[in-house]
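What follows is one structure encoded as structure tokens, with my remarks underneath.
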Protein chains: 2
Amino acid sequence: MSSIHSHSKKNQSLTKNQRIVLDLLQNSGEPLKAYFILDSLKKEGLNSPLQVYRALDKLVELGKIHKIESINSFIICNNSNCASNTAFTICERCGKVKEIKNKYLKDSVSDLVKDNQLEITRYNLEFYVLCKSCKIN
Amino acid sequence: MSSIHSHSKKNQSLTKNQRIVLDLLQNSGEPLKAYFILDSLKKEGLNSPLQVYRALDKLVELGKIHKIESINSFIICNNSNCASNTAFTICERCGKVKEIKNKYLKDSVSDLVKDNQLEITRYNLEFYVLCKSCKIN
DNA sequence: ACCTCTAATGTTATACTATTACATATGTAA
DNA sequence: TTACATATGTAATAGTATAACATTAGAGGT
Ligand SMILES: [Zn+2]
Ligand SMILES: [Zn+2]
Ligand SMILES: [Zn+2]
Ligand SMILES: [Zn+2]
């Protein structure tokens with residue numbers, strides 16, 4: 001593959017397994033669990049948990065998806081400048097997850113740590129909420 | 001036990017299993033994993049994972065300990081007004097965890113969600129950092 | 001003291017989440 | 001081509017957490 005194609009590598013450089021896992025998360029838009037992804041992609045050729053976890057790890061590293069720690073689930077990044085900083089709202093009643101979009105969020109959140117002796121690498125912020133529709137009903 | 005003792009019930013109302021799990025976390029001060037707690041308390045009579053998880057669940061509910069989601073560990077609450085809101089720094093190199101103490105933190109963090117249509121129940125904020133001593137070395 | 005209800009316990013089995021280990025293949029660059 | 005890094009495939013295993021059910025302990029009311 002010559003360098004003439006290198007400008008289109010943004011998503012093209014993903015491998016087959018990474019691609020199909022990303023596509024599934026993209027099409028779903030919801031948080032999915034690793035073993036659900038495995039089951040969903042059996043027909044595409046995924047056979048073992050490790051294949052899923054390896055793809056997920058890489059996609060997290062690339063910033064294309066996020067892991068929501070408290071529910072052991074993965075979701076497509078719905079933002080463009082997260083790096084590895086994540087912020088979500090998670091409805092405690094229906095489970096709906098939304099990524100918080102706020103371009104000043106990173107600075108605001110980081111300001112919360114007053115201790116200048118430590119260097120902040122990244123953060124994960126999870127809000128447990130009652131979403132609009134669950135609040136009504 | 002007559003009501004003359006009820007003023008000292010703050011910690012007295014814990015059951016034996018809850019007590020020994022809390023004591024271990026208190027004495028450790030570090031985040032501990034459930035199965036480590038189980039191994040450590042075999043001699044005190046804990047035999048099964050469920051006994052540990054039940055005690056941990058209760059202590060979390062009481063606000064005496066916190067779960068650090070991203071490392072599947074539990075740590076004594078080192079603050080007095082967390083309710084179920086949690087904020088930690090976690091060193092990516094040495095693993096040291098500290099609870100962030102800041103009495104204005106709750107308001108500051110909650111302000112980050114602009115969407116008034118949802119009701120915030122609680123939050124969990126995890127900062128990944130390079131701690132002071134790891135930064136030097 | 002007795003009854004009643006709730007919460008906690010003990011135990012076994014099982015479900016769910018994630019990694020180790022190792023052999024093989026693929027892509028990239030000198 | 002050779003070398004190196006990265007990704008794959010597969011099997012086994014480690015680590016985290018809950019379901020189900022029978023039993024017991026504790027608090028409160030009568
Ligand atoms: Zn994102
Ligand atoms: Zn909801
Ligand atoms: Zn606390
Ligand atoms: Zn450190």
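Lettering follows sequence order; numbering is per chain, from 1.
Taking only side-chain nitrogens and oxygens, B:T15 comes nearer than 4.0 Å to OP1 or OP2 of C:dT9. In this structure, B:N72 does not reach the D:dG15 phosphate: none of its side-chain N or O atoms is under 4.0 Å from OP1 or OP2.
A donor atom on one side chain and an acceptor atom on the other are found under 3.5 Å apart for B:S70 and B:Y128.
The CD1-P distance, from B:I37 to D:dT16, rounds to 11 Å in whole Å. For the pair B:Y53 OH and C:dT14 P, the computed distance is 19 Å after rounding to whole Å. The distance from atom CD of B:Q51 to atom C1' of D:dT16 is 17 Å, rounded to the nearest whole Å. Summarising the geometry, the separation between CG on B:D57 and C1' on D:dT16 is reported as 13 Å, rounded to the nearest angstrom. Following rounding to the nearest Å, B:I71 (CD1) and D:dA17 (P) show an atom-to-atom distance of 11 Å. Rounded to a whole Å, the CG atom of A:D39 is 10 Å from the P atom of C:dC16. Spacing between atom NZ of A:K16 and atom C1' of C:dG27 amounts to 17 Å, rounded to whole angstrom units. Regarding A:L38, its CG atom lies at a distance of 12 Å from the P atom of D:dG9, rounded to whole Å.
With C:dA8, C:dT12, D:dT16 as the choices, the nucleotide that has an atom nearest any side-chain atom of B:K33 turns out to be D:dT16. Here D:dA7 is the nucleotide among D:dA7, C:dA18, C:dT20 with the atom lying nearest to any side-chain atom of A:Q18. Side-chain proximity of B:N47 to D:dA17, C:dA8, C:dT11: nearest is C:dT11. Nearest to the side chain of A:L50, among C:dT19, C:dT17, C:dA8, sits C:dT19. Taking the side chain of B:S48 as heavy atoms from C-beta on, and the options C:dT17, C:dT11, D:dT16, the nearest nucleotide is C:dT11. Side chain of A:R54, nearest nucleotide from C:dT17, C:dG10, C:dA21: C:dA21. For B:N17, whose side chain is taken as the heavy atoms from C-beta onward, the closest listed nucleotide among C:dT9, C:dT12, C:dT20 is C:dT9.
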Next item on the list: Check step by step if salt bridge (Lys or Arg N to Asp or Glu O under 4.0 Å) holds for B:R122 and A:E92.
Entry: CA-CA 10 Å; B:R122 63 188 176 90; A:E92 289 199 298; 3.4 Å; yes
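The pair B:K16-B:E44 does not count as a salt bridge, with every side-chain nitrogen at least 4.0 angstrom from each carboxylate oxygen.
To the nearest 0.5 angstrom, A:I20 atom CD1 is 4.0 Å from A:L46 atom CG. Atoms CG and NZ, from B:D111 and B:K106 in turn, are 10.0 Å apart once rounded to the nearest 0.5 Å.
In terms of polar N and O atoms assigned as donor or acceptor, the side chain of A:Y35 comes within less than 3.5 Å of the base of C:dA18 in a complementary pairing.
Of the residues near DNA chain C, A:E69 and B:G45, the one whose nearest nucleotide (by heavy atom distance) lies more toward the 5' end is B:G45.
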